[in-house]
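Order of listing sets the numbers, starting from 1, for every ligand and every atom in it. Residues take their numbers from the sequence shown, with the count starting at 1.
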Amino acid sequence: MAKQIQAIRGMNDILPEQSRRWQYIEQVVRSIVASYGYEEIRMPVVEQTDLFKRSIGEVTDIVEKEMYTFEDRNGDSLTLRPEGTASCVRAGNEHGLLYNQQQRLWYMGPMFRHERPQKGRYRQFHQVGVEVFGLNGPDIDAELIIMTARLWKQLGLSEYLTLELNSLASNEARADYRDALTAYLTEHEAVLDEDSKRRLQSNPLRVLDSKNPAMSDMLSQAPKLSEYWDDESRSHFAALCQRLDALGIRYVHNERLVRGLDYYNRTVFEWVTDSLGAQGTVCAGGRYDGLVEQLGGKATPAVGFAMGLERLVLMLEQLDAVTLPQAVDLYVSAMGEAAELPAVNVAERLRDQFPTLRVMQHCGGGNFKKQLKRADKSGARLALIMGEDEVARDVVSVKFLREDKPQQEMSWEQIVATVNELV
Ligand code: ATP
Ligand code: MG
């Protein structure tokens, strides 16, 4: 036998049993973003490498060690997108969607990062991203958070998710804080692990992100970012909190929430769960008012978030929170050649009459027992069976597969009435 080729580590097939759960989440997401008036944008999965270097930042985990970067046949450096925000801004600038306009956009698709695969962490994973351009107030920050809260509610996940909130303030305020933090961390260099020592030079705020228990005491004593907030950022944050309070959305102010990408300022937030082990962040976002200009556009305020679909799928699976519908409602069988075309006709008429009804036609012949076994396996609630005798009398035998009811011969009108009760 020929050797089988395997999928690439960390890049998963999504099999039918799982894809039902995916489709369910995707459909809920689509309906919710639409209910807030957001429009879909679709970007390519490959971009010029510089796009990510310039936006995410040279000294971030993503750019330093996680990108799938390669040379194409022309010798250009390309990268499989590790996230969507940079591409979205690039597309917005390129097509003139941003300057002096308001845009509320969303997208969904695969992202690529070369990380160590583990539960909730993969090399190809999927995000839903939402990005808003042209609005700088706390009202829109609140809207994004309200929208995600509605999503959790619809998915039955509200009680398992906590909202963490912080403000990275203005670039100037953050720079002052950075100096103070660097001084403090340098004083305590003896307690820093290797990773943090490196970050102390390149990106000291990221040290706050460390989960290393040996550093937690020292970090809890570190200067607080909120002590350096500028007035505008302070009132922005207060107004956001006020809105969330008014709507009953609970949050925790996490002073150490700094996010791993360079482009954020002011509001940052994460929805976290403790039901997924170490990979607890399901959704993360914030404001990135400088990015549009940094990527060559005119200064445009912006805010957005991205959520990881694998982690949501895992949560739904683990919590068994939703009952997923079967793929088939009704199975149509034919006994004997003469009944085959009439059976196809009945199935087609049913699809005409009930566009949302899922009708599976038996193919491949076989005796009654075999066909019924297939019907049962399909998950259908009804089996419609036609033999020469039924065809001659213009009726169909209907078997109830999930109810204790006798098989029944029905006219077309009776079938329609019966199916009407199903759909
Ligand atoms: P983490 O701290 O878990 O590495 P991150 O800060 O790198 O996350 P973002 O870049 O903000 O994540 O991406 C937003 C969301 O996308 C994450 O909260 C997570 O749900 C999901 N995500 C990020 N990386 C992965 C991955 N490798 N596999 C699966 N989901 C991911
Ligand atoms: Mg990461």
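For the residue pair R81/Y68, the side-chain donor-acceptor check at 3.5 Å is not satisfied.
In this structure the side chain of T300 never reaches within 4.5 angstrom of the side chain of N93, judged on heavy atoms. Looking only at side-chain heavy atoms (C-beta outward), T60 and R206 stay at 4.5 Å or farther from each other.
Considering backbone and side-chain N/O atoms, E270 never comes within less than 3.5 Å of an N/O atom of ligand 1. The shortest N or O to N or O distance between F125 and ligand 1 is not below 3.5 Å. For a threshold of 3.5 Å applied to N or O pairs, the pair formed by R121 and ligand 1 contains at least one separation below that value.
A heavy-atom separation below 4.0 Å is found between E115 and ligand 1.
Residue-ligand proximity, A306 to ligand 1, at heavy-atom distances under 4.0 Å covers atoms 14 (C), 15 (C). The atoms of ligand 1 that sit less than 4.0 Å from any heavy atom of G120 are 28 (N), 29 (C), 30 (N). Within ligand 1, the atoms closer than 4.0 Å to a non-hydrogen atom of T281 are 17 (C), 18 (O), 19 (C), 20 (O), numbered from 1 in the order shown.
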Query raised in the report: Would Y288 and E131 satisfy side-chain hydrogen bond (donor to acceptor under 3.5 Å, both in side chains), going step by step from the backbone distance to the final call?
Result: CA-CA 10 Å; Y288 50 95; E131 318 284 355; 2.5 Å; yes
Report task. Give the intermediate values and the outcome of side-chain contact (heavy atoms from CB on, under 4.5 Å) for residues D139 and R243. Result -> CA-CA 8 Å; D139 49 357; R243 279 171 189 265; 3.6 Å; yes
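The presence of a protein heavy atom under 4.0 Å from atom 22 (N) of ligand 1 is confirmed.
Contacts with ligand 1 closer than 4.0 Å are made by no heavy atom of M111, backbone or side chain. Contact annotation for V282 and ligand 1: only backbone heavy atoms (N, CA, C, O) come within less than 4.0 Å of the ligand.
Scanning the protein for heavy atoms near atom 13 (O) of ligand 1, the closest one is Q127 NE2, 3.0 Å. Scanning the protein heavy atoms around atom 6 (O) of ligand 1, the nearest turns out to be R259 NH1, 3.4 Å.
Exactly one residue among E66, E64, K65 makes a side chain to side chain contact (heavy atoms under 4.5 Å, CB included) with I62. That residue is E66.
Applying the 6.0 Å contact sphere to NZ of K153 captures no more than 12 heavy atoms from other residues, nucleotides or ligands. Counting heavy atoms of neighbouring residues, nucleotides and ligands inside a 6.0 Å radius, atom NZ of K224 exceeds 12 of them.
Ring geometry for W22 against H126 counts as perpendicular: the plane angle is over 60°, on a 0 to 90° scale with 30° as the lower cut.
For atom 10 (O) of ligand 1, the nearest non-hydrogen atom from the set R116, R113, H114, R311 belongs to R113. For atom 28 (N) of ligand 1, the candidate residues are Y264, Y122, F112; the nearest heavy-atom contact is made by Y122.
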